[in-house]
Amino acid sequence: MPELPEVETMCRGIKSIEGYRVINVQMTKCDLKPISIVPPVGEILDILKNQRILDVGRLGKRVLVNFENDYSLVIEPRMTGLVMLENPPNTKHLRLEIALKAVEGQERGIPETLGESEKKLMFWDRRGLGTIRLLAGSDLKSQLAQRLGPDALTITAKMYSERFGGRKKEIKVALLDQTLVAGIGNIYAAEILFLAGVDPRSACDRITLAQWERIAQATQTILQTAIEYEGSTLSDGTYRNAINGEGSYQHCHRVYDREGMACTRCELGRIQRLVQGQRSTFFCPVCQRKRGRHASLKAE
DNA sequence: CATATGTCCTGAGAGC
DNA sequence: TGCTCTCAGGACATAT
């Protein structure tokens, strides 16, 4: 599920835990197969107990909770994971709970009745493909940060052409490769290529500089706007923000999950679906023709 | 049966 | 031969 805009929304939604300290860490008991948590929860508690949260960050599609002892909790939602503070969709798929308490003085000014001096950070995951890891700062760099490409919110046309340019891979497949650029997933890859007017089947080594410019510009436009809309909650309703609200960028989708519908830009083409790398791709065969130069960055 | 927002691992093949 | 990189395919677990 969550791609960069959804993960960014999760991070912003739990930002109020900054400065709180860890009281307890526990797996929620359920009959489902447990998710991957490394090291085991007891060990995590030993390392994090009473530790203050310095800040909340994002690394590609992962949420980072950074502690004062230089450890970081890396939460990777994968397809259906959610990081929440309130109202999880159900208890059946609740996987981990971290009890937090405000440090001395932090709760001052907040009425005790609101219970704001205590918070609970939860990880909920229906499919259970998500993972949680606790890493020391140096391991975070070597095991994770180093393997990821530049964050999609910072990538430029030059970086695109340098990192992608020599490859034979199709551009849609390459955009999903987190070692090339971090944060783009299946929905936003489709939307970015539509806005850029680039055929998703184009081989990277045949994409022109002008097209890389359009792809870079579209990356920023699509992702920034999707963040403003707090991400996409698809028809299955799985994605929710930190307090169980829905995103609304799904109403802005121009191609994703719109097979057979008329293209909103040219009104001639019908959105087509094809499979690339075992994943669905949606595009407008008129606006995204390989040699087409009709595409314009002006969205509406 | 087919579909699903993501990532990791394995094995094959290419190129040096 | 061996090392590295690339790419295709499957696995992971649950639900609609």
Side-chain angles (χ1 to χ4, degrees), chain A residues 1-10 28 30-38 58-63 74-83 88-95 123-133 143-149 152 163-193 201 203-205 222-223 226-227 229-241 246-260 273-282:
Chain A
M1 165 231 95
E3 307 182 27
L4 187 152
E6 290 77 22
V7 177
E8 180 64 26
T9 302
M10 289 178 193
T28 321
C30 64
D31 300 330
L32 302 170
K33 182 151 193 193
I35 63 163
S36 163
I37 301 180
V38 178
R58 178 181 61 76
L59 201 50
K61 299 175 191 172
R62 287 119 169 138
V63 174
V74 181
I75 305 172
E76 191 172 310
R78 301 233 179 145
M79 294 291 267
T80 54
L82 301 175
V83 177
N90 61 36
T91 52
K92 179 177 181 189
H93 300 105
L94 203 50
R95 310 290 182 150
F123 183 67
W124 182 95
D125 190 352
R126 181 162 56 73
R127 283 171 75 173
L129 298 176
T131 68
I132 292 177
R133 275 176 293 176
Q143 295 183 30
L144 195 59
Q146 224 171 46
R147 303 184 191 193
L148 292 177
R163 300 182 67 87
F164 288 60
R167 292 162 196 275
K168 301 205 161 125
K169 235 201 280 209
E170 296 172 320
I171 178 62
K172 158 63 166 34
V173 176
L175 284 174
L176 300 183
D177 184 339
Q178 303 299 299
T179 68
L180 295 178
V181 57
I184 298 172
N186 206 38
I187 296 174
Y188 297 104
E191 297 298 322
I192 287 166
L193 290 176
R201 297 161 296 188
C204 288
D205 61 4
I222 295 286
L223 296 180
I227 290 170
Y229 283 78
E230 302 192 311
S232 303
T233 296
L234 302 184
S235 51
D236 73 357
T238 299
Y239 171 68
R240 329 294 293 186
N241 66 21
E246 297 189 359
S248 50
Y249 191 74
Q250 65 277 12
H251 304 303
C252 304
H253 292 176
R254 310 283 290 271
V255 288
Y256 182 81
D257 203 21
R258 293 175 62 87
E259 182 179 16
R273 173 182 179 273
L274 54 86
V275 174
Q276 294 177 285
Q278 300 129 262
R279 322 221 31 207
S280 292
T281 296
F282 300 88

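No experiment lies behind these values; they were computed from the predicted model shown. Just so we're on the same page: letters track the sequence lines, and every chain starts at 1. Scope of the values below: all heavy atoms of this structure, side chains included, with no hydrogens, waters or symmetry mates.
- The interatomic distance linking A:I35 (CD1) with B:dG6 (P) rounds to 18 Å, in whole Å.
- Nucleotides C:dC7 and B:dT5 place their C1' atoms 23 Å apart, quoted to the nearest Å.
- Proximity of A:Q178 to the phosphate of B:dT7: a side-chain N or O atom is located under 4.0 Å from OP1 or OP2.
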Next item on the list: Apply the test side chain to side chain contact (heavy atoms under 4.5 Å, CB included) to residues A:L175 and A:L193: give CA-CA distance (whole Å), side-chain angles for both, the deciding distance (0.1 Å), then the verdict.
Entry: CA-CA 10 Å; A:L175 284 174; A:L193 290 176; 3.9 Å; yes
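- Across all strands, A:S36 comes closer than 4.0 Å to no nucleic acid atom at all (heavy-atom distances).
- Nucleic acid contact for A:R62: sugar-phosphate only, since backbone atoms but no base atoms lie under 4.0 Å from a heavy atom of the residue.
- At the phosphate of C:dA15, OP1 or OP2 sits under 4.0 Å from a side-chain N or O atom of A:K92.
- In this structure, A:R95 and A:K33 approach most closely via the heavy-atom pair NH1-O, 3.2 Å.
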Item checked: Per-nucleotide pairing state of DNA chain B [Watson-Crick or G-U, under 3.5 Å; [ ] pseudoknot-crossing; | other strand] -> .|||.|||||||||||
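- Rounded to whole Å, atom C1' of C:dA13 lies 12 Å from atom CZ of A:R78.
- When all heavy atoms are compared, the tightest approach of A:E170 to A:R201 is CG-O, 3.5 Å.
- Closest approach of A:Y256 and A:E191 over heavy atoms only: N-OE2, 2.8 Å.
- In this structure, the OH atom of A:Y249 is 17 Å from the P atom of B:dT5, given to the nearest Å.
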Restricting both atoms to N or O, compile the protein contacts to nucleotides 12-16 of chain B shorter than 3.5 Å, with distance only.
none

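- Taking every heavy atom of both residues into account, A:G231 and A:E6 meet most closely at CA-OE2, 3.4 Å.
- Considering only the side chain of A:E76, B:dC8 comes nearest among B:dA4, B:dC8, C:dC7.
- In this structure, A:I184 and A:E3 approach most closely via the heavy-atom pair C-OE1, 4.0 Å.
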Margin query: Let's go through A:L4 and A:I227 carefully: what are the C-alpha distance in whole Å and the side-chain angles of both, what is the deciding distance for side chain to side chain contact (heavy atoms under 4.5 Å, CB included) to 0.1 Å, and is it a yes or a no?
Written below: CA-CA 8 Å; A:L4 187 152; A:I227 290 170; 3.9 Å; yes
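- Here the nucleotide nearest the side chain of A:Q278, chosen from C:dG9, B:dT7, C:dT14, is C:dG9.
- Across all non-hydrogen atoms, the minimal contact from A:V255 to A:F282 is O-CB, 3.1 Å.
- Contact between the side-chain N/O atoms of A:S280 and the OP1/OP2 oxygens of B:dT3 is not found at any separation under 4.0 Å.
- Straight-line distance from the CZ atom of A:R147 to the P atom of C:dC5: 13 Å, rounded to whole Å.
- The side chain of A:K61 contributes an N or O atom lying less than 4.0 Å from OP1 or OP2 of B:dT7.
- Within the nucleic acid shown, A:L32 comes within 4.0 Å of sugar-phosphate atoms alone, with no base atom in reach, counting heavy atoms only.
- A:T9 pairs with exactly one of A:E230, A:R240, A:R58 by the side chain to side chain contact (heavy atoms under 4.5 Å, CB included) rule, that one being A:E230.
- For the pair A:R127 CZ and B:dG6 C1', the interatomic distance rounds to 8 Å; values are reported in whole Å.
- Residue contacts for A:R167: at a heavy-atom cut-off of 4.0 Å it reaches the sugar-phosphate backbone alone, with no base atom in range.
- Distance A:Y239 OH to C:dT16 C1': 21 Å, rounded to the nearest Å.
- Atoms CG (A:L129) and C1' (C:dA15) sit 12 Å apart, rounded to a whole Å.
- In terms of position along DNA chain C, the nucleotide closest to A:D177 lies nearer the 5' end than the nucleotide closest to the other residue of the pair A:K33 and A:D177.
- Remark: A:H93 is in phosphate contact with C:dA15, judged by side-chain N or O atoms under 4.0 Å from OP1 or OP2.
- At a threshold of 4.0 angstrom between heavy atoms, the contacts of A:D236 include nucleobase atoms, whether or not backbone atoms are also involved.
- Distance CG/A:L223 to OH/A:Y188: 8.0 Å, rounded to 0.5 Å.
- We find that CD1 of A:I132 is positioned 15 Å from P of B:dC8, with the value rounded to whole Å.
- Using modelled atom types, one side-chain atom of A:N186 and one backbone atom of A:S280 make a donor-acceptor pair closer than 3.5 Å.
- Distances shown here put a side-chain N or O of A:Y256 below 4.0 Å from the OP1 or OP2 atom of B:dT5.
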